[in-house]
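Each remark here refers to the structure printed beneath this line.
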Number of protein chains: 2
Amino acid sequence: MTDTPPPRTWQAIRAEVLARIRHRRWPPGTMIPNEADLALEFGCARATVNRALRDLAESGVLDRRRKAGTRVAEAPVRRAVLSIPLIRDEVAALGQPYGYALLSRALESPPAPVHASLALPPDTDALHIRALHLAGGTPFALEDRWINPAAAPGALEADMTTLSANEWLVRHAPFTEGRLSFSAIAADAATAAQLGCAPGTALFRLDRSTLDGTRPVTVAQISYRPGYRLDMVI
Amino acid sequence: MTDTPPPRTWQAIRAEVLARIRHRRWPPGTMIPNEADLALEFGCARATVNRALRDLAESGVLDRRRKAGTRVAEAPVRRAVLSIPLIRDEVAALGQPYGYALLSRALESPPAPVHASLALPPDTDALHIRALHLAGGTPFALEDRWINPAAAPGALEADMTTLSANEWLVRHAPFTEGRLSFSAIAADAATAAQLGCAPGTALFRLDRSTLDGTRPVTVAQISYRPGYRLDMVI
DNA sequence: ATCCATAATATGTCTATACATAATAAACCC
DNA sequence: GGGTTTATTATGTATAGACATATTATGGAT
């Protein structure tokens with residue numbers, strides 16, 4: 001019986017707590033012992049228990065409130081983490097050569113919804129960029145982007161014929177927050193022509209907007225080729 | 001000059017580091033000072049700096065490697081966190097009454113791909129459930145689910161006419177991991193009929209599979225009504 | 001009984017110190 | 001020089017102790 005002493009790392013404690021939840025020793029809704037007691041039981045410092053429980057709370061397995069204590073989440077609103085890669089990397093991950101083609105680039109008056117979401121002053125133009133991302137020579141995604149020139153200094157002068165606008169922005173325009181919205185749309189005639197599919201084909205669409213503080217920097221609409229899937233791991 | 005001393009909380013330090021990155025004092029690719037030096041500069045303990053930098057690394061802003069140090073991520077592979085609520089909660093968030101209708105429920109032989117992804121023994125049946133989620137009386141999402149009975153004890157006996165299979169599983173079947181996959185599909189005739197839309201309509205689809213350890217528990221295909229959007233915040 | 005101040009309590013965080021671990025740089029040998 | 005061993009270094013983590021903070025429970029006054 002060479003019983004190796006149980007490792008008292010925070011990961012080990014997290015695993016142990018998770019096991020007790022899974023095995024229904026602590027069913028959903030249960031209050032679990034407080035940190036001090038658990039530290040005593042596991043023979044470690046309270047900070048170590050805290051680290052483990054905090055991690056589980058972040059992933060939605062536990063609910064924690066000061067003074068109230070820690071309980072196993074009733075309906076585990078699981079949180080999935082999505083890494084949003086550059087399309088270049090996404091294509092590379094498929095093992096295909098990446099290509100980029102600038103379709104159009106103009107400083108022009110945006111449609112009302114775009115004007116509003118960029119919070120532009122009245123009668124102000126924005127930089128409109130349309131581009132095609134290619135995987136192994138075939139269309140992968142169509143990007144339709146509007147950039148607020150005031151929020152992205154240098155964008156008007158930047159050469160975007162070889163580098164995608166997204167990559168340029170990532171490197172040159174600071175941004176703090178953003179919103180993503182996924183949906184399914186039917187391909188309109190123009191999009192279908194660019195992506196080489198029939199009009200009406202169901203396409204996966206990503207609408208993305210990014211802010212620098214409170215100032216909108218850019219909004220983009222990305223239509224992926226038919227069959228595209230976005231994968232996440234819980 | 002009642003200058004309030006700068007708070008030396010880890011959040012404050014995270015904010016300060018983030019500001020330096022945004023203001024290009026530490027541009028992408030830069031190595032930033034090590035924890036000990038930053039702790040000295042900010043006048044706090046190294047553990048506090050560690051907490052702040054770890055948090056930024058988790059959100060993809062920093063790259064950290066032992067001995068190598070900490071650098072500002074070149075291409076900020078931003079990580080977005082998606083909370084996956086129960087459909088019931090999703091509908092409730094829209095301010096509409098939730099409804100649930102079980103369409104069919106049978107122990108039957110699954111198609112080959114489902115059989116494979118549930119890792120069933122040869123010639124084994126699985127529990128097949130089809131159900132409609134309603135928002136304010138109109139169809140919201142169509143769920144097509146297969147459950148591995150061996151991995152979800154009690155599922156065969158459970159009454160799923162009032163409670164959705166997903167909710168039953170969440171409460172009764174332990175699971176540890178899962179995969180999510182989002183895509184856009186054209187509605188087939190059966191789905192269109194249930195959702196009350198025209199065949200061929202572009203629909204947002206979620207494919208979900210959950211495991212208990214390494215054992216597959218269930219796979220589900222959820223087709224949302226036309227116009228559905230999934231929002232995330234970076 | 002109701003309302004309000006106060007005490008009690010569990011989590012949240014900071015500090016200082018120590019050791020572990022991974023990865024690089026330097027020293028070394030052949 | 002090429003390859004291997006040995007420091008060195010920055011992050012990763014554990015610990016004990018302390019105080020902060022948010023909430024709940026309690027007790028008292030009205």
Side-chain angles (χ1 to χ4, degrees), chain A residues 4-18 20-21 25-26 28-74 76-77 79 81, chain B residues 4-18 20-21 25-26 28-74 76-77 79 81:
Chain A
T4 49
R8 294 190 315 254
T9 66
W10 69 269
Q11 290 98 331
I13 289 167
R14 179 184 57 185
E16 173 60 25
V17 171
L18 209 46
R20 292 189 185 181
I21 293 170
R25 177 161 161 192
W26 291 337
T30 319
M31 295 285 306
I32 76 172
N34 68 37
E35 294 185 350
D37 290 348
L38 285 176
L40 211 64
E41 183 193 338
F42 293 134
C44 67
R46 186 171 77 89
T48 309
V49 174
N50 181 278
R51 181 93 157 81
L53 298 190
R54 233 189 14 205
D55 192 84
L56 287 171
E58 267 170 33
S59 61
V61 174
L62 295 177
D63 275 339
R64 318 196 74 197
R65 273 176 32 235
R66 279 179 175 167
K67 161 78 179 173
T70 303
R71 67 170 60 236
V72 180
E74 277 283 0
V77 177
R79 286 180 195 112
V81 175
Chain B
T4 49
R8 295 189 315 255
T9 67
W10 69 268
Q11 290 99 330
I13 289 168
R14 180 184 57 184
E16 173 60 25
V17 170
L18 209 48
R20 292 187 185 183
I21 293 170
R25 175 162 164 193
W26 291 337
T30 320
M31 296 285 307
I32 77 173
N34 68 39
E35 294 185 349
D37 290 348
L38 285 176
L40 212 62
E41 183 193 337
F42 293 132
C44 68
R46 187 171 77 88
T48 310
V49 174
N50 181 279
R51 180 90 159 82
L53 298 189
R54 234 190 13 208
D55 192 83
L56 287 171
E58 266 170 33
S59 62
V61 175
L62 294 176
D63 274 340
R64 318 196 74 196
R65 271 172 37 233
R66 279 180 172 161
K67 160 78 181 174
T70 302
R71 68 170 60 236
V72 181
E74 278 282 0
V77 177
R79 286 182 197 111
V81 177

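The figures here come from the full heavy-atom set of this structure, side chains too, leaving out hydrogens, waters and symmetry mates. A, B, ... follow the sequence lines: proteins, then strands. Residue 1 opens every chain.
Residue B:R64 contributes atom CZ, which lies 18 Å from atom P of C:dT21 at whole-angstrom precision. The interatomic distance linking A:L56 (CG) with C:dG12 (P) rounds to 12 Å, in whole Å. Between the CD atom of B:E35 and the P atom of C:dC14 there is a distance of 14 Å, given to the nearest Å. What separates CG of A:D37 from C1' of C:dA10 is a distance of 10 Å, to the nearest Å. Taking atom CZ of B:R8 as the reference point, atom C1' of C:dA16 lies 13 Å away to the nearest angstrom. Distance CZ (B:F42) to P (C:dC14): 13 Å, rounded to an integer number of Å. B:R14 has its CZ atom 16 Å from the C1' atom of C:dC14, to the nearest Å.
Residue-level contact check: A:R51 touches the backbone only, with heavy atoms under 4.0 Å from sugar-phosphate atoms and none from bases.
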Restricting to nitrogen or oxygen on both sides, can you table the protein-nucleotides 23-27 of chain C pairs closer than 3.5 Å?
| residue | atom | partner | partner atom | Å |
| --- | --- | --- | --- | --- |
| C:dT24 | OP1 | B:R65 | NH2 | 2.5 |

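Take A:R14 and apply the side chain to side chain donor-acceptor pair (under 3.5 Å) test, not counting sequence neighbours, and it matches A:D55. Under the side chain to side chain donor-acceptor pair (under 3.5 Å) criterion, B:E16 pairs with B:R20, not counting sequence neighbours. Scanning for salt bridge (Lys or Arg N to Asp or Glu O under 4.0 Å) contacts around B:R51 gives an empty result, with sequence neighbours left out. In this structure, A:D63 has no side chain to side chain donor-acceptor pair (under 3.5 Å) partners at least two apart in sequence or on a different chain. Not counting sequence neighbours, A:R54 has no partner by the side chain to side chain donor-acceptor pair (under 3.5 Å) test.
Just one of A:T48, A:I32, A:I13 meets the side-chain contact (heavy atoms from CB on, under 4.5 Å) condition when paired with A:L53; it is A:I32.
Put simply, chain A comes within 4.0 Å of DNA chain D, heavy atom to any atom, from D:dT13 to D:dT24, going 5' to 3'.
Scanning both residues, A:W26 and A:V72, for their nearest heavy atoms gives O-CG2, 3.6 Å.
Looking at B:R64, its side chain never comes within 3.5 Å of a backbone N or O of B:T70 through a donor-acceptor pair.
In this structure, A:V49 and A:V17 have side chains that are not in contact, with every pair of non-hydrogen atoms separated by 4.5 Å or more.
If A:G43 and A:R46 are placed on DNA chain D by their nearest nucleotide, the residue sitting closer to the 5' end is A:G43.
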